[in-house]
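Values below: every heavy atom of this structure, side chains too, minus hydrogens, waters and symmetry copies.
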Amino acid sequence: MKCIYCGCLESKVIDSRATDEGRTIRRRRECIQCGKRFTTYETIETTPVLVIKNSGNRQAFDPNKLKNGIIKACEKRPVSMSKIDKLVDDIKKQIYNSLEQEVSSKKLGEMVMTGLKEIDEVAYVRYASVYRQFTDISSFMQELETMMKENKTKTPDQKPE
C-alpha cells in the first residue's frame, strides 16, 4: 500500500478490525520509510447486476426494491421481518452466485414467488396477482386451483409453515 505522505510502497499493518457487519476490514498502517500512520479499508468487489425489465430497459439490481415488494405482499400477515430478510438474502445469493451480469425481471419474480409460497400462501397470491397481472377473476381462480392441487399432492410433513 502506497504511503499517502511520502509515496513509499512499503508499510506494515498495526491493527485490523472488521466493520460494516464484517463486509469491510479497516487496517491501520505505518509507513516503513517515514513512520507516519494511515488507514485503509478492504472490501469485497462486486460486479453490478442489471435487471432486464419486460420493456427491454435495464436497471441496477436493488435489493431494497425487492424487499419493499415482499413487505407489501406480506402486509397484515404473520410473517416476521427475519423471514423476509432471509428470503431477500437467499435471492441475492442466488443472483450473485450465478455469476451472470444480467437477470430478467421474470426470473427475479419467479424467485420471489417460490420463496413466498413457502413462507405464506396469502402473501404469495398477493404478489402473484400483481406480478402476473391477473386481469379477471378466472385467472385468479386458476392460480388458486393450481395451489390447491399442489397442496393435495403433498404429504402432511411437506405442508408449508
Side-chain angles (χ1 to χ4, degrees), residues 1 13 15-29 39-161:
M1 189 63 61
V13 176
D15 180 40
S16 289
R17 60 179 71 158
T19 61
D20 192 24
E21 297 176 0
R23 292 185 288 238
T24 304
I25 296 175
R26 177 184 182 270
R27 298 193 195 278
R28 282 298 288 163
R29 297 178 174 270
T39 303
T40 60
Y41 293 90
E42 182 179 320
T43 59
I44 297 172
E45 183 178 63
T46 57
T47 37
V49 175
L50 297 178
V51 177
I52 305 170
K53 308 294 270 182
N54 290 333
S55 65
N57 293 336
R58 286 166 170 73
Q59 69 182 55
F61 170 65
D62 183 1
N64 291 325
K65 187 174 178 183
L66 183 71
K67 184 176 181 177
N68 290 337
I70 295 169
I71 289 171
K72 192 169 272 309
C74 295
E75 212 166 76
K76 297 183 183 178
R77 297 294 304 155
V79 179
S80 67
M81 277 306 290
S82 64
K83 285 186 180 180
I84 292 171
D85 287 336
K86 183 176 180 343
L87 176 57
V88 172
D89 285 343
D90 290 346
I91 292 170
K92 280 181 3 185
K93 285 177 189 171
Q94 285 179 41
I95 289 171
Y96 288 123
N97 286 339
S98 74
L99 303 177
E100 297 290 324
Q101 291 183 328
E102 296 181 332
V103 63
S104 70
S105 60
K106 180 178 171 89
K107 184 175 181 180
L108 200 55
E110 294 295 331
M111 289 174 165
V112 171
M113 289 197 308
T114 300
L116 280 176
K117 194 179 245 185
E118 294 173 15
I119 294 172
D120 186 270
E121 289 178 339
V122 173
Y124 164 78
V125 171
R126 284 180 180 169
Y127 190 88
S129 69
V130 173
Y131 174 73
R132 293 204 174 131
Q133 299 174 342
F134 293 152
T135 53
D136 56 18
I137 195 74
S138 63
S139 56
F140 190 76
M141 285 303 294
Q142 282 179 322
E143 186 66 30
L144 290 176
E145 287 169 1
T146 303
M147 284 179 61
M148 290 169 64
K149 285 178 188 174
E150 287 175 5
N151 280 345
K152 284 182 183 177
T153 60
K154 290 182 179 178
T155 59
D157 62 321
Q158 288 180 318
K159 288 203 175 174
E161 296 174 7

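Checking side-chain atoms of N97 against main-chain N and O of K93 turns up a donor-acceptor pair under 3.5 Å. In this structure, the side chain of R26 does not engage the main chain of D15 through any donor-acceptor pair within 3.5 Å.
In this structure, CD on E102 lies 5.5 Å from CG on L50, to the nearest 0.5 angstrom. Here CG of L66 is found 5.5 Å from CG of L108. Values are rounded to the nearest 0.5 Å. Note that CZ of R58 is 11.0 Å distant from CD of Q101, once rounded to the nearest 0.5 Å. Atoms CD1 and OH, from I119 and Y124 in turn, are 13.5 Å apart once rounded to the nearest 0.5 Å. Once rounded to the nearest 0.5 Å, the distance linking CD of E110 with OG1 of T114 reads 6.5 Å.
Scanning all heavy atoms of the two residues, the minimum distance from V88 to P63 falls at CG1-O, 4.1 Å. A pairwise comparison of heavy atoms in D120 and P78 identifies OD2-CD, 4.2 Å as the closest pair. Of all heavy-atom pairs spanning Y96 and V49, the tightest one is CE2-CG2, 3.6 Å. Across every non-hydrogen atom of R28 and T39, the tightest pair is NH1-OG1, 2.6 Å. Of all non-hydrogen atoms in L116 and Y127, the two that sit nearest each other are CD1-CB, 3.5 Å. For the residue pair S16 and I25, the shortest heavy atom distance occurs at CB-CG2, 4.3 Å.
Within the 4.5 Å cutoff, the side chain of I95 has heavy atoms near those of the F61 side chain. Counting heavy atoms from C-beta outward, N54 and S105 have side chains that approach closer than 4.5 Å. Residues K107 and Q94 are not in side-chain contact: their nearest non-hydrogen atoms beyond the backbone lie 4.5 Å or more apart. V51 places a side-chain heavy atom less than 4.5 Å from the side chain of K53.
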Does the pair L87 and K83 meet the rule for a side chain to side chain contact (heavy atoms under 4.5 Å, CB included), with working shown?
-> CA-CA 6 Å; L87 176 57; K83 285 186 180 180; over 6 Å; no
Determine, step by step, whether R126 and E75 satisfy the side chain to side chain contact (heavy atoms under 4.5 Å, CB included) criterion, reporting the C-alpha distance in whole Å, the side-chain angles of both residues, the deciding distance to 0.1 Å, and the verdict.
-> CA-CA 10 Å; R126 284 180 180 169; E75 212 166 76; 4.1 Å; yes
Identify all side-chain donor-acceptor contacts of residues 67-74 below 3.5 Å with residues at least two apart in sequence or on another chain.
unit_1, atom_1, unit_2, atom_2, d
K67, NZ, D85, OD1, 2.7
N68, ND2, N64, O, 3.3

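A donor-acceptor contact closer than 3.5 angstrom links the side chains of T40 and R29.
No more than 12 heavy atoms of other residues, nucleotides or ligands lie within 6.0 Å of CZ in R17, so this atom counts as exposed by the packing criterion.
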